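First the structure, in the form of structure tokens, and then the observations on it.
All of these numbers come straight from a predicted model, not from anything done at the bench. Note on naming: letters A, B, ... go to the chains in the order of the sequence lines (proteins, then strands), and numbering restarts at 1 for each one.
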Amino acid sequence: MSLRVRFAPSPTGHLHIGGARTALSNFLEARREGGIFVLRIEDTDPERSKREHEEQILRDLAWLGLRWEEGPDVGGPFAPYRQSERYDRYRAVAEDLLARGHAYRCNASSEELDALRAAQTAAGEDPRYDRRNREANLGPDCGPHVIRVKMPIEGVTVLDDLIKGRIEIPNEKLDDLVIIRSDGTPTYNFVVVVDDHDMGITLVARGDDHVNNTPKQIHIYHAMGAEVPRFAHLPMILGPDGSRLSKRHGDTSLGSYRDMGILAEAMLNYLARLGWSHGDQEVFTEAELISLFRLQDVGSSGARWDMDKLKWLNQTWIQGMAPAELTHRCLPFFEAQGYAVAEHQDRLVHIVSALQKRSPTLVDLASQARFFFVPDAELSFDEAAVGKHLKGEAGTLLRSLAARLAALSDWSEPALSAACEALLAELGLKMGKLAQPVRVALTGQGVGPGLYEMLLGLGQARSVARLEAAAAKANPPG
RNA sequence: GACCCCAUCGUCUAACGGUCAGGACUCCGGAUUUUCAUUCCGGCAACACGGGUUCGAUUCCCGUUGGGGUCGCCA
């Protein structure tokens, strides 16, 4: 049977990076093996599930570059792919389990069970269900009740995990878990098994917070008479302090990283590289990951989230990207900064190129680009830089340069370079004498892109205007 | 607390019984450069501890310690 994997998020919020990592692992595994990647929505919690969350999760996955063959949006042979639309099926399976003696009704109330757990805890025992109605054979008329599935009482359940290796869990630790709530809705551990079976899933790869659920699920497969898939439990992503990554560690949603200007390529690269490696290679394209990444090579210990390394990877990806493509990616960030992008359309690529080597994120790039977009009159000057570079003879120098640049008919790097070199040669000056005053004149700051990069990004008219304005500022014409 | 999992530089990792324990991020130097950045060199930094097994353990086994996860009519 060919490989079928799935990612099954619950639409109760945004897609977090742990989920993204799980989805990516499944995606890569499917692509490498020529298998099928199924996307399923686990919306069995009607209170918290929202359609808008589902839509956002799909968009986030698509942004990352993931593609699925079957899912709620594209359909497929096992539709529907939303659990809320499959309740009849779960109900039918539960009835079957009941009929064949693998499940039973229990009319203990939540309050009773809470009290039971409290008493057990107080007595120093493990809180657990006491199987009170396992053999009672209650009928459907026993009042408000749940349906529980029978777990074996002795022996051990063995799980041969692709990542963790062999895991053995004593059956006496397995509670007879609820599969149908008293309101008739099914629970997660039940629907996940029914769906994975119905949808022909052959490998279940998910976070290792599910390891303890797996033995119970295996027994549900057995009770259903279904074939048990293989399992791969990915270690959790940890925060900088070593505990499971959560909101208190800062940004955990994939979207927040996109919004801070992390490239999808870099995120994909970082996520795959977390807990996995291939020799000394650090940078991987999606195509390389598809051929190289294997679930079974993922390490079995948790990995901490390292923002510094993500940023480094991001900068590496930014540097290596074609300027035209990078410009396209920057547009939303320019707009977020309020830049009048349309007015600078023809110089956008120059602007982006000027900042490409100095931006860890797209937000950094956009913010450094401010001086290119701001109207000349609104350019803000760093007083220290002005005091240091815009004084005395600098004014004369800037005026001469402005005159020469104004006369150019070709606004290209070779032409600009020739003009600057000629001026320097005539005056017997070094580049350093010219570059800094020009930089302050054009950007208002003492640090910034290279000379020609600034000129190219700014264009002839604005460059000349800023040079003249700075000249006047440094050395008012007498 | 019970059960499950994990354990190499600060972080991500390589090593699959014999290596000066390698690479990357961070950090610190130096070089290049029109500033900054980039780039290029160089440096600091790890086998958690204790027992075994073995001629020989980072590597295999056991224990300890430490960390994480799970113990719902949430997913």
### Message
When the C1' atoms of rC9(B) and rA15(B) are compared, how many Å lie between them, rounded to an integer?
### Response
15 Å
#### Entry: Side-chain donor or acceptor of R462(A) paired with backbone N/O of F372(A) under 3.5 Å
yes
### Out of rA7(B), rC12(B), rC3(B), whichever nucleotide has its closest atom nearest the side chain of I169(A)
rC3(B)
### Task
Using the C1' atom on both, measure rU19(B) against rU59(B) and round to a whole Å.
12 Å
### Query
Does R304(A) put a side-chain nitrogen or oxygen below 4.0 Å from OP1 or OP2 of rG68(B)?
no
### Message
Using OP1 and OP2 only, check whether a side-chain N or O of S243(A) sits under 4.0 Å from rG68(B).
### Response
no
### Task
Please determine, for the side chain of N212(A), which listed nucleotide (rC12(B), rC3(B), rA75(B)) has the closest atom?
rC3(B)
### Summary
Whichever of R244(A) and W276(A) has the more 5' nearest nucleotide on RNA chain B, that residue is W276(A)
### Pairing partner (Watson-Crick or G-U wobble, both distances under 3.5 angstrom) of rA57(B)
none
### Message
Distance check, P atoms only: rC20(B) and rC55(B), in whole angstrom units.
### Response
22 Å
### Message
Side chain of V211(A) only, heavy atoms from C-beta on: which candidate in rA7(B), rU26(B), rC4(B) is closest?
### Response
rC4(B)
### Query
Should T285(A) and E265(A) be marked as a side chain to side chain contact (heavy atoms under 4.5 Å, CB included) after you check the CA-CA gap, both sets of side-chain angles, and the distance that decides it?
CA-CA 7 Å; T285(A) 61; E265(A) 288 88 340; over 6 Å; no
### Summary
Of rA75(B), rC4(B), rU34(B), the nucleotide closest to the side chain of H210(A) is rA75(B)
#### Entry: Nearest atoms (heavy-atom pairs only) where C142(A) meets N107(A)
O-ND2, 3.2 Å
### Inter-nucleotide C1' distance (rC6(B), rG43(B)), Å rounded
32 Å
### Query
Taking the side chain of S300(A) as its heavy atoms from C-beta onward, which of rG22(B), rU35(B), rA7(B) lies nearest to it?
rA7(B)
### Query
For R128(A) and rG72(B), is the shortest distance between a side-chain N/O and OP1 or OP2 below 4.0 Å?
no
### Message
For rA2(B) and R117(A) - does any side-chain N or O of the residue sit under 4.0 Å from the phosphate oxygens OP1/OP2?
### Response
no
### Query
Measuring from Y188(A):OH to E42(A):CD, what's the distance to the nearest 0.5 Å?
5.5 Å
### Query
Looking only at side-chain N and O atoms, does Q319(A) come under 4.0 Å of OP1 or OP2 in rU39(B)?
yes
